[in-house]
Amino acid sequence: MTPYSLAFYLDVVTTGTVLGARPTDSPDRVTEVLGPDFAENPFAYSLCRDYGMAEFFWDRASADHPWEGHHFTLRVHQLARLGSASVNGAIRAAYGRFDRRLRFAKLHRLLERRGVRLLEVPHPQAPHYRTYWQPRSLVSITVIGAREDFITPDDLRVGDVHSISGPVISDELERLASRTR
C-alpha cells in the first residue's frame, strides 16, 4: 500500500486528472469534484481557480463563449511552507495526510514499479529546475535540480518536487527545448 499523499501523486501522474477532474473540464465540473472552497481570478478571456494546492486554468475566445479547460497545476512547493492546510479538503478526505516534501526519487521509483515511464525534458531554468514528462498522461513534474537564492524556494531541497502540471503537449515541449538551446 502506498502511504497517504504518494497515492494521490501517483494517480495524478498516471491519469492526468485530479480526483478525476480533467484539465479540459468546465469550471462547474471541477468545482463539483473539488468543492466550492476556491479563490477565483477571473479576467475577460482567462480564468484561474485556486482550490488550495491545485489550480485549474481556463480560456475563452470572447465573453460570449464558454470556458475551455487549459491545464492544472499542483503547487507541491506550498506544502513545505503551509503544510496540509494548503491541500484541498476533498483531496485530503480521499488521501489523508500530506507530507511537507515530495521527494522525486521516491515518486519516480513508485511510478517505475507501476510501469509508468518518465522522460526528462529541457527546462528553461536548468540546472536549478529539472522537468520530467509522462507521455501517456501528458503530465510534467518539475523538480529542484540545484539550489540558488532568489531562484529556487528557500524551503525546498535538491530533489524535492516543485510542481506537477498537465497537460503538457509536444508543442510546449518543443518550445521549452528551443528556449534552452
Flag for T73-S165: side-chain donor and acceptor within less than 3.5 Å: yes

Side chains of L6 and L102 in contact at under 4.5 Å (non-hydrogen atoms): yes

Any donor-acceptor N/O pair, W67 side chain to L47 backbone, under 3.5 Å: no

Partners meeting ring pair (Phe, Tyr, Trp, His ring centres under 6.0 Å) with Y129 (sequence neighbours left out): H123, H162

Hphob cluster co-occupancy, L156 + I151, side-chain heavy atoms under 4.5 angstrom: yes

S86 (side chain) donor-acceptor with L82 (main chain) under 3.5 angstrom: no

W133 vs L118 side-chain heavy atoms within contact, under 4.5 Å: no

CG on D59 to SG on C48, rounded to 0.5 Å: 11.0 Å

Main-chain N/O of L19 paired with T17 side-chain donor or acceptor, under 3.5 Å: no

With sequence neighbours excluded, residues passing side chain to side chain contact (heavy atoms under 4.5 Å, CB included) with A21: D25, V30, V33, F56

Set of residues satisfying ring pair (Phe, Tyr, Trp, His ring centres under 6.0 Å) with respect to F8, sequence neighbours excluded: Y95, F98

For E120, salt bridge (charged side-chain N to carboxylate O under 4.0 Å, His left out) partners two or more places apart: R130

H77 NE2 to R100 CZ distance, which is reported to the nearest 0.5 Å: 14.5 Å

Partner set under salt bridge (charged side-chain N to carboxylate O under 4.0 Å, His left out) for E68, not counting sequence neighbours: none

Any donor-acceptor pair under 3.5 Å from Q134 side chain to S137 backbone: yes

Closest non-hydrogen atom pair between F72 and G16, with its separation: CE2-O, 3.4 Å

Could you list the donor-acceptor pairs under 3.5 angstrom formed by side chains in residues 39-46, with sequence neighbours left out?
residue	atom	partner	partner atom	Å
E40	OE2	R49	NE	2.6
E40	OE2	R49	NH2	2.9

Test side-chain contact (heavy atoms from CB on, under 4.5 Å) applied to V168 and V139, step by step: CA-CA 6 Å; V168 176; V139 169; over 6 Å; no

Heavy-atom donor-acceptor pair, R92 side chain to V87 backbone, under 3.5 Å: yes

Check: S140 and I164 side chains under 4.5 Å, non-hydrogen atoms: no

Between Y132 and T142, a side-chain donor and acceptor under 3.5 Å: no

Option passing side-chain contact (heavy atoms from CB on, under 4.5 Å) with Y9 (candidates I141, L110, L107, V161): L107

Which residues share a side-chain hydrogen bond (donor to acceptor under 3.5 Å, both in side chains) with S84, sequence neighbours left out: none

For S26, all residues meeting side chain to side chain contact (heavy atoms under 4.5 Å, CB included), sequence neighbours excluded: D28, R29

Under the salt bridge (charged side-chain N to carboxylate O under 4.0 Å, His left out) test, residues paired with D99 that sit two or more places apart: R97

Any H128 side-chain heavy atom under 4.5 Å of I144 side chain: no

Qualifying residues under ring pair (Phe, Tyr, Trp, His ring centres under 6.0 Å), relative to F57, sequence neighbours excluded: H71

Value rounded to 0.5 Å, distance of CG in L119 from OG1 in T131: 12.0 Å

All pairs passing salt bridge (charged side-chain N to carboxylate O under 4.0 Å, His left out) where residues 72-90 contributes a residue, at least two apart: D50-R75, E55-R75

Nearest heavy-atom neighbours spanning A54 and I91: CB-CD1, 4.4 Å

For the student: nearest non-hydrogen atoms of N88 and Y51, plus distance: CB-O, 3.0 Å

Sequence neighbours excluded, every pair satisfying salt bridge (charged side-chain N to carboxylate O under 4.0 Å, His left out) that has a member inside residues 151-161: R101-D160, R103-D160, R147-D154

Test log, rule side-chain contact (heavy atoms from CB on, under 4.5 Å), inputs R114 and L10: CA-CA 9 Å; R114 288 174 166 79; L10 290 168; 3.2 Å; yes

